[in-house]
Amino acid sequence: METRVRFAPSPTGYLHIGSARTALFNYLYTRKVGGKFLLRIEDTDLQRSTEESTRSIIEGLAWLGLDYDEEIVFQSDNASKHREIALKLLDEGKAYRDFTPKELPSDANIKEAIAERARQNQGEKNMRDNPFRDLSKEESDKKAESGEPFAIRLKVAESGKTSFEDGVYGFLERDYSEIEDLVLLRSDGHPLYNLAVVCDDIEMQISDVVRGQDHLTNTHKQILIYEALGEAPPRFAHLPLILAPNKGKLSKRKHGAVVSLTTYRDAGFVAAAFRNFLALLGWSAGEEREIYNLEELIKKFSLEGIHRSNAVFNFQENDPRHWTDDKALWMNAEYIRTMPLEDLLPLVKDELKSAKLWREEYEDGDKAWFEKTVDLIRQRFFTLKDFSQQGRAFFSEDFDFDQAAIDKNLKKFPDLQAWLPELADRLETVEDFTHDNLETVVNQFAEEKGTKLGVIMNGARSVLTGLAVGPSMLAVFEALGKEKSVLRLKSQIAWNQ
RNA sequence: GGCGCAUUCGUCUAGUGGUUAGGACGCAAGGUUCUCAACCUUGAAACAGGGGUUCAAUUCCCCUAUGCGCUACCA
């Protein structure tokens, strides 16, 4: 049988990095065996679902390179089918009408309210004590016909257990006495999550459900629905969750943008790097390597490599240096400096374009220069943003001077105000404006002036790039070329700052 | 409260009935250097606690603690 998996996010808000990882694992799992990866938008909660969110999910998957097969399924489109199925189960006596008046949801913390109610019951609640559970068909029909509102609940057997073999957690079972007669259809006719999921998974012929561990107990309920429908359940595998540094839930309300996938795209992450990082959160190939491209991830991936305990996404909210997980940051830098240059160039192009620094010549007459320059500066960059920020002086005459750099490297050595233009004159005479020739000239110049080479170099760096840090100055001279180097060495702009 | 799942350096993780418990990020020190990265070397850093089983337990079992999840006419 063909392996068919689905990623089934609900379109409320942006794509969460935890969801993104779930999508990734589904993708890797099925691509390994050549199966299908399907996308289903679970938009049954009409109040909270938005089109914008659906867009962000699709964009996010595209960014990560997780291409899905077939048409997107919108769960809300199937609502009437779900309703029919609930009615069918009612008809077959596998479900019953519950005429208990609907409780108004308390606006307080719902989870707290549930836990509190459970405490009142001392855990003694009998899950089968619904007064309408054993109402005769005639009576039930009569009440329904008279217009009394009702929900439809699954009739869970008095005794027994459900069990399944989880791909990650192993054999799991749960006693029926722990499972209430779950509602399948609300009194307003809307199908509920567990029913909708099972129906759609059957309809889509899903063979393997890979989802977050927060669904572990839902799975038992869903298996009961499969049984009631006379369908074989798919295989299940549950993934550990991604937690915040305090080991609590990672949520938008509490943690803001760090949990949103788009944040990483917008912050200049290389998709391949972030994908690689995500793959390593809760999964390991059992070897010491950590850098994997997509094909390698597909090849290495297995459910056995998934950890059973939750992973902490480590970041420090108030520290800009560690605004997100250090390892993600490191991996991004690692990708930027080591990935094949031809893969990086389009990403740099996009970045320069959005910063209005792109010139068509970079793909034409200046192609060689552009590639060499990108290769030079990428060595110490952490994000793609750096190409338009720290790297700005390589692509524009309009760049800022860092005051600290000027103070430390320029104004501390007043002689440089005369020396640097003098050096410019000297450089102007260099025929072949390349590294080795420049080295001789600059070394000699420093010697003549009786100063350390570093003073000259750092001063030059400050006026040429506006920064105190950067590549070797000889390489910078070469990259900027004679004309720009000379011009900037002579410029007094930095001195007047 | 009940039920379930989990627990190896700060974080991500490897690993085994007998190991100096390995790697990565981060951190610290040193080297290199025109700066900063990178790079190289080194260092600090972990088997939650208590009982068993066993010649031997980080590894198997039980209890406790802690965390997380579910416990909805949310998804």
Side-chain angles (χ1 to χ4, degrees), chain A residues 8-10 12 42-45 47-49 75 98 100 102-103 105 110-111 113-125 149-153 166 169 172-175 177-180 182-188 190 192-194 196-197 212-218 220-221 238 240-241 243 245-249 277 280-290 307-315 322 325-331 333-334 337-338 379-382 390 405 408-409 442 446 452-462 467-474:
Chain A
S10 57
T12 53
E42 307 219 320
D43 55 350
T44 51
D45 187 339
Q47 253 77 52
R48 293 194 299 153
S49 298
Q75 189 158 64
D98 180 4
T100 311
K102 186 185 171 189
E103 273 182 62
I110 296 173
K111 299 239 180 206
I114 292 165
E116 186 47 42
R117 201 197 308 169
R119 261 188 290 279
Q120 303 290 324
N121 291 331
Q122 297 275 320
E124 295 288 305
K125 184 170 160 45
F150 58 86
I152 294 182
R153 285 183 185 272
D166 188 273
Y169 289 90
L172 297 170
E173 64 180 0
R174 193 164 163 87
D175 201 284
S177 67
E178 298 296 333
I179 305 174
E180 66 168 348
L182 56 143
V183 174
L184 302 175
L185 206 63
R186 285 203 308 220
S187 50
D188 64 6
H190 278 105
L192 256 72
Y193 173 72
N194 283 305
V197 165
Q213 190 241 62
D214 47 340
H215 288 287
L216 222 38
T217 39
N218 277 329
H220 289 101
K221 297 179 189 174
H238 291 86
L241 269 21
L243 269 26
N246 65 357
K247 302 197 193 298
K249 201 170 170 178
F277 169 76
L280 259 27
L281 221 46
W283 173 81
S284 140
E287 58 186 9
E288 287 182 352
R289 188 147 74 105
E290 304 209 280
H307 219 228
R308 271 182 283 272
S309 57
N310 297 335
V312 170
F313 187 66
N314 202 20
F315 61 94
H322 304 280
D325 198 296
D326 280 331
K327 199 153 189 170
L329 252 14
W330 165 79
M331 195 166 279
E334 180 73 11
R337 64 178 170 256
T338 63
Q379 297 306 327
R380 58 211 77 207
F381 285 172
F382 279 77
Q390 285 196 58
K408 190 176 99 186
N409 295 333
V442 180
K452 281 195 282 192
L453 181 66
V455 172
I456 304 292
M457 291 299 205
N458 289 329
R461 178 176 291 105
S462 300
L467 300 174
V469 302
S472 148
M473 270 316 289
L474 296 171

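All figures in this text were calculated on a predicted structure; none of them were measured in a lab. All heavy atoms count here, side chains included; hydrogens, waters and symmetry mates do not. Each chain gets a letter, A, B and so on, in the order its sequence line appears, and its residues count up from 1.
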Pick the C1' atom in B/C27 and in B/G10, then give their distance to the nearest Å. 9 Å

Before accepting this row, confirm whether a basic side-chain N of the pair A/R186/A/D188 lies closer than 4.0 Å to the acidic partner's carboxylate O. yes

Side chains of A/V469 and A/Q390: does their closest heavy-atom pair fall under 4.5 Å? yes

Take atom CD1 of A/I456 and atom P of B/U33, then tell me their distance rounded to the nearest Å. 19 Å

Please compare A/N458 and A/R186 by the position of their nearest nucleotide in RNA chain B and report the one closer to 5'. A/N458

Classify A/N218 by what it touches in the nucleic acid, base, sugar-phosphate, or nothing, heavy-atom distance under 4.0 Å. base

Can you tell me the base-pairing partner of B/U58? Count Watson-Crick or G-U wobble geometry only, both distances below 3.5 Å, and say none if there is no partner. none

Once you apply the 3.5 Å cut-off to both distances, tell me the Watson-Crick or G-U wobble partner of B/C47, or none. none

Tell me what A/E178 touches on the nucleic acid: a base, only sugar-phosphate, or nothing, going by heavy atoms under 4.0 Å. sugar-phosphate

Closest nucleotide among B/C73, B/A75, B/G2 to the A/S187 side chain: B/C73

Taking the P atom of each, how far is B/G15 from B/U59, in whole Å? 16 Å

Which base, if any, makes a Watson-Crick or G-U wobble pair with B/U19, both distances under 3.5 Å? none

Sticking with atom C1', work out how far B/G52 lies from B/A57, rounded to a whole angstrom. 11 Å

Measure from the side-chain heavy atoms of A/K249 and tell me the nearest of B/G69, B/A6, B/C74. B/G69

Which whole number of Å gives the distance between the P atom of B/U11 and that of B/A46? 12 Å

Whole Å only: how far is the NZ atom of A/K327 from the C1' atom of B/G26? 10 Å

Please enumerate all protein N or O atoms sitting under 3.5 Å from an N or O of nucleotides 59-64 of chain B, with distances to 0.1 Å.
none

Within the structure shown, what part of the strands sits under 4.0 Å from A/H215 by heavy-atom distance: base, sugar-phosphate, or nothing? base

Please confirm whether the backbone N or O of A/L241 pairs with a side-chain atom of A/N310, one donor and one acceptor, at under 3.5 Å? yes

Select one nucleotide: of B/A75, B/C34, B/C39, the one nearest the side-chain heavy atoms of A/R337. B/C39

Can you find a side chain N or O atom of A/R174 that sits less than 4.0 Å from OP1 or OP2 on B/C70? no

Whole angstroms only, please: what is the OH-P distance between A/Y169 and B/G69? 12 Å

Rounded to whole Å, the CG-P distance (A/D326 to B/C25) equals 11 Å

Give none if B/U41 has no partner; otherwise give the nucleotide forming a Watson-Crick or G-U wobble pair with it, both distances under 3.5 Å. B/A29

Heavy atoms only: give me the nearest A/Y169-A/R308 pair and the separation to one decimal. OH-O, 2.9 Å

B/C25, OP1 or OP2 - any side-chain N/O from A/H322 closer than 4.0 Å? no

Both distances under 3.5 Å, Watson-Crick or G-U wobble: report the partner of B/C34, or none. none

Which pair of non-hydrogen atoms, one from A/E334 and one from A/R337, has the smallest distance, and what is that distance? OE1-NH2, 3.0 Å

Among B/A6, B/C12, B/G69, the one nearest any side-chain atom of A/R308 is B/A6

Can you check whether A/N314's main-chain N or O pairs, donor with acceptor, with A/D325's side chain at less than 3.5 Å? yes

When you compare the side chains of A/S462 and A/N409, does any donor N or O come within less than 3.5 Å of an acceptor on the partner? yes

What nucleotide among B/C74, B/G23, B/U11 has an atom nearest to a side-chain atom of A/E290? B/G23

For the side chain of A/E180, starting at C-beta, report the closest nucleotide among B/A72, B/U11, B/A6. B/A72

Per atom distances to the A/V469 side chain, the nearest of B/C3, B/U35, B/A75 is B/U35

May I have the distance from A/W330 (atom CH2) to B/C27 (atom P), rounded to whole angstrom? 14 Å

Distance between C1' atoms of B/A44 and B/G4 (Å, rounded): 39 Å

Grab the two heavy atoms, one from A/V312 and one from A/P245, that are nearest each other, plus how far apart they are. CG1-CA, 3.6 Å

Does some side-chain heavy atom of A/L216 sit less than 4.5 Å from a side-chain heavy atom of A/D166? yes

Both A/P471 and A/H220 contact RNA chain B. Taking the nearest nucleotide for each, which residue is further toward the 5' end? A/H220

Would you mind classifying the nucleic acid contact of A/G282 as base, sugar-phosphate or nothing, using non-hydrogen atoms under 4.0 angstrom? sugar-phosphate

Same-atom distance (C1') from B/G50 to B/U58, integer angstrom: 15 Å

Same-atom distance (P) from B/A29 to B/A37, integer angstrom: 12 Å

Pairing partner of B/A65, by Watson-Crick or G-U wobble and under 3.5 Å for both distances, is B/U7

Out of B/A37, B/U11, B/U13, whichever nucleotide has its closest atom nearest the side chain of A/H307: B/U13

With a 3.5 Å cut-off and just heavy-atom distances, do the side chain of A/R380 and the base of B/C36 make a donor-acceptor pair? yes

Is the phosphate of B/A14 approached by A/S284 (side-chain N or O, under 4.0 Å from OP1 or OP2)? yes

With respect to the phosphate group of B/A75, does any side-chain polar atom (N or O) of A/T44 fall under 4.0 Å of OP1 or OP2? yes

For atom CG of A/D214 and atom P of B/C70, their distance in whole Å: 6 Å

May I ask which nucleotide in the shown strands pairs with B/A72, Watson-Crick or G-U wobble, both distances under 3.5 Å? none

Determine whether a donor-acceptor pair (one donor, one acceptor, N or O, separation below 3.5 Å) exists between the side chain of A/R153 and the base of B/C73. no

Within this structure, what is the CZ-to-C1' distance between A/F315 and B/G10, rounded to whole angstrom? 15 Å

A/L172, nearest nucleotide to its side chain (from B/G2, B/A38, B/C5): B/C5

What's the closest nucleotide to the A/K102 side chain, out of B/C34, B/C74, B/C68? B/C74

Shortest non-hydrogen contact from A/M331 to A/L280? CE-CD2, 3.9 Å

Report which part of the nucleic acid A/A468 touches: base, sugar-phosphate, or nothing (heavy-atom distance under 4.0 Å, all strands). base

Separation of A/L216 atom CG from B/G69 atom C1', in whole Å? 8 Å

Mind listing the closest non-hydrogen atom pair of A/G470 and A/R380 along with its distance? O-NH1, 3.2 Å

Same-atom distance (C1') from B/G2 to B/C9, integer angstrom: 35 Å

Considering just the side-chain nitrogens and oxygens of A/K247, establish if one lies under 4.0 Å of OP1 or OP2 belonging to B/U11. yes

For the residue pair A/R461 and A/P471, what are the closest heavy atoms and their distance? NH2-O, 3.0 Å

